[in-house]
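Have a look at the structure below before the remarks.
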Amino acid sequence: MSAALAIDGVAVQRGGRLVVEEASLGLAPGECVVLAGESGSGKTSLLRVIGGLDRPARGTIRIGGAVVDDAAATFVRPESRGLGMVFQDFALWPHLSVLENVAVVIRDRAGRDRKALALLDRFGVASCAGRLPATLSGGQQQRVGLARALAAAPRLLMLDEPFSSLDVETRETLRTELRALIVESGLSALCISHDPADIARLADRVAVLEDRRLTACTTPDAMFARPATPYAARLAGLCGGVRVPARGEGSDAAIALGGAQLAIPGGAARLAGAAQALLFWPRGALSLAAEGVPATCIGAHFEAGHWQALLRLDGLAAPVPVQCAAPPPRGAVALRVAADRLHLFPFSG
Ligand SMILES: Nc1ncnc2c1ncn2[C@@H]1O[C@H](COP(=O)(O)OP(=O)(O)OP(=O)(O)O)[C@@H](O)[C@H]1O
């Protein structure tokens, strides 16, 4: 079966400069890929090119196996690409009712309103059918946006930060609904987001735009186990991001943490000669113990079912949160560090 989307060697230019130098990515039918990257890294620019709103400077884009743009003579217009698009700002037509916003996209005129109403019902906004978009809440407008994106029976759904302007609860509900829709309908989706919660709930794989390149697309668990960059470590939900002095010692890396020296097995290669490292760790790799790295507990808070103690360590500007069974007393504590679970990146800032 053809890939739902295949982009090959795509470069994108905005305002006369290359914002994406090289992007290659394939999406299998029924797969959801989250496209992440820092603000300004070119995510929207890449989505616009796939959607046919702009042309690539180089490369080839295929949808369902057919070339829709080859940066030369071949160009299939956006409305003929079989895409459903959902935008951050909803982009509903303000002068049309909710029902009309969805119905107008349905190609087959027979039973248009009935089909539009069924889609609105699926997203829980059928009761808003006669209203204008401006009279709806953000969450309701985004539900209408999803219904409209599906109305043209797309092969591929493209979403540009679809939940970013919604409150936490609506965001969580819509994420779950979208995931269910993708799984049940077999739709493929490419969703721009830099929210780790979107990755956790939606992504089969994650593609990251960094330094104008799309890095290898990987599953969320592989990204958690072996993040390629500090940005990927944050996205994957690892803790930390603290900067420490470091040096190579044979094949290991020796880091200074809170006045103690720790050896990270096999860390020298990852350090690549840098004198400082950025450290990340999975929750649980740092724990309070009877003996270990000296630290000072400055307080604790309860967070989603467990306690987090805030520790100050010598030489670190920011306090380090550490999960614990009960809040420890303030003052001197010791920290056990599972050095083999630390992730290390060279830092040269
Ligand atoms: N119309 C434009 N003309 C010139 N430059 C542009 C235009 N639109 C975007 N850019 C620039 O292209 C780069 C990529 O922008 P883009 O909006 O694709 O990034 P993004 O990753 O989607 O960012 P964000 O997460 O903030 O939405 C940025 O440096 C931006 O300033």
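Scope of the values below: all heavy atoms of this structure, side chains included, with no hydrogens, waters or symmetry mates.
Separation of atoms OG1 (Thr44) and CG (Asp54) is listed at 11.0 Å; rounding is to 0.5 Å. To the nearest 0.5 Å, the span separating CZ on Arg131 from CG on Leu136 amounts to 5.0 Å. For the atom pair CG of Leu5 and CD1 of Ile61, the computed distance is 8.0 Å after rounding to the nearest 0.5 Å. Rounding to the nearest 0.5 angstrom, the gap separating the CG atom in Leu174 from the CZ atom in Arg179 is 15.5 Å. Distance check: Arg201 CZ to Cys191 SG gives 13.5 Å after rounding to the nearest 0.5 Å. Arg175 contributes atom CZ, which lies 7.0 Å from atom CG of Leu202 (distance to the nearest 0.5 angstrom).
Tracing side-chain contacts under 4.5 Å through hydrophobic residues (I, L, V, M, F, W, Y), one never reaches Leu132 starting from Val98; they form parts of separate clusters. Tracing side-chain contacts under 4.5 Å through hydrophobic residues (I, L, V, M, F, W, Y), one never reaches Val320 starting from Phe280; they form parts of separate clusters. With hydrophobic clusters built from ILVMFWY side chains whose heavy atoms lie under 4.5 angstrom apart, Leu157 does not share a cluster with Leu25. Cluster membership check: Val244 does not share its hydrophobic cluster with Phe347, using side-chain heavy-atom separations under 4.5 Å among Ile, Leu, Val, Met, Phe, Trp and Tyr. Hydrophobic cluster membership is shared by Leu146 and Leu181, with clusters built from Ile, Leu, Val, Met, Phe, Trp and Tyr side chains linked at under 4.5 angstrom.
Closest of all the heavy-atom pairs between Pro196 and Arg234 is CG-O, 4.1 Å. Between Leu271 and Pro346, the shortest heavy-atom distance links the atoms O-CB, 3.2 Å. In plain terms, the two heavy atoms of Arg55 and Thr74 that are nearest each other are NH2-O, 3.3 Å. The minimum heavy-atom distance linking Pro329 with Cys297 is given by the pair O-CB, 3.7 Å. Nearest heavy-atom pair, Leu119 versus Ala151, reported as atom, atom and distance to 0.1 Å: CD1-CA, 3.5 Å. The shortest non-hydrogen separation linking Ala149 to Val86 is CB-CG2, 3.5 Å.
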_Trace of the side-chain contact (heavy atoms from CB on, under 4.5 Å) decision for Leu178 with Phe163_ = CA-CA 11 Å; Leu178 181 61; Phe163 314 124; 3.7 Å; yes
- request: Walk me through it: do Val333 and Val322 pass the test side-chain contact (heavy atoms from CB on, under 4.5 Å)?
  value: CA-CA 12 Å; Val333 291; Val322 174; over 6 Å; no
Could you give me the CA-CA distance, side-chain angles and deciding distance for Leu150 and Leu187, then say whether side-chain contact (heavy atoms from CB on, under 4.5 Å) is met?
-> CA-CA 10 Å; Leu150 293 171; Leu187 252 182; 3.3 Å; yes
Open item on the list: Please determine whether side-chain contact (heavy atoms from CB on, under 4.5 Å) holds for the pair Arg48 and Val12, giving the CA-CA distance in whole Å, both sets of side-chain angles, and the decisive distance to 0.1 Å.
Closed with: CA-CA 10 Å; Arg48 288 180 61 85; Val12 184; over 6 Å; no
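Applying the 6.0 Å contact sphere to CD of Glu291 captures no more than 12 heavy atoms from other residues, nucleotides or ligands. Within 6.0 Å of the CG atom in Asp211, the count of heavy atoms belonging to other residues, nucleotides or ligands does not exceed 12. Dense packing is recorded around CD of Glu79, with more than 12 heavy atoms of other residues, nucleotides or ligands lying under 6.0 Å away.
Inter-residue side-chain proximity for Val20 and Val10 is flagged as unmet; no heavy-atom pair is nearer than 4.5 Å. Val144 is not listed as a side-chain neighbour of Cys128, based on a closest heavy-atom distance of 4.5 Å or more. Looking at Pro294 and Asp314, their side chains never come closer than 4.5 Å, going by heavy atoms from C-beta outward. For the pair Arg205 and Met223, the minimum side-chain heavy-atom distance is 4.5 Å or more.
By the 4.0 Å N-to-carboxylate-O rule, Arg213 lies too far from Glu22 to be salt-bridged with it.
Applying the salt bridge (charged side-chain N to carboxylate O under 4.0 Å, His left out) test to every pair with at least one member in residues 334-349, sequence neighbours left out, gives no pairs at all.
Looking at Ser251, its side chain never comes within 3.5 Å of a backbone N or O of Gly266 through a donor-acceptor pair. At least one donor-acceptor pair under 3.5 Å links the side chain of Arg312 to the backbone N or O of Ala317. Between the side chain of Arg81 and the main chain of Val76, a donor-acceptor pair closer than 3.5 Å is present. Listed for the Gln142 side chain is a donor-acceptor partner under 3.5 Å among the backbone atoms of Pro162. Without hydrogens or angle criteria, Thr60 side chain to Asp70 main chain gives no donor-acceptor distance under 3.5 Å.
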Kindly list each side-chain donor-acceptor pair under 3.5 angstrom involving residues 100-111, sequence neighbours excluded, with atom names and distances?
from, atom 1, to, atom 2, distance (Å)
Glu100, OE1, Ser97, N, 2.8
Glu100, OE1, Ser97, OG, 3.3
Asn101, OD1, Trp93, N, 2.8
Asn101, OD1, Arg148, NH1, 3.4
Asn101, ND2, Trp93, O, 3.0
Asn101, ND2, Leu96, O, 3.2
Asn101, ND2, Ser97, O, 3.2
Asp108, OD1, Ala110, N, 3.3
Asp108, OD2, Lys115, NZ, 3.3

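For the side chain to side chain contact (heavy atoms under 4.5 Å, CB included) with Leu27, the lone residue among Leu156, Asp204, Ile63, Ile7 that qualifies is Leu156. Screening Leu159, Leu46, Asp160 against Leu35 for a side chain to side chain contact (heavy atoms under 4.5 Å, CB included) leaves a single residue, Leu46. Between Leu286 and the choices Val293, Leu311, Leu342, the side chain to side chain contact (heavy atoms under 4.5 Å, CB included) rule is met once, by Leu342.
Between the side chains of Asp195 and Ser193, not a single donor N or O lies within less than 3.5 Å of an accepting N or O.
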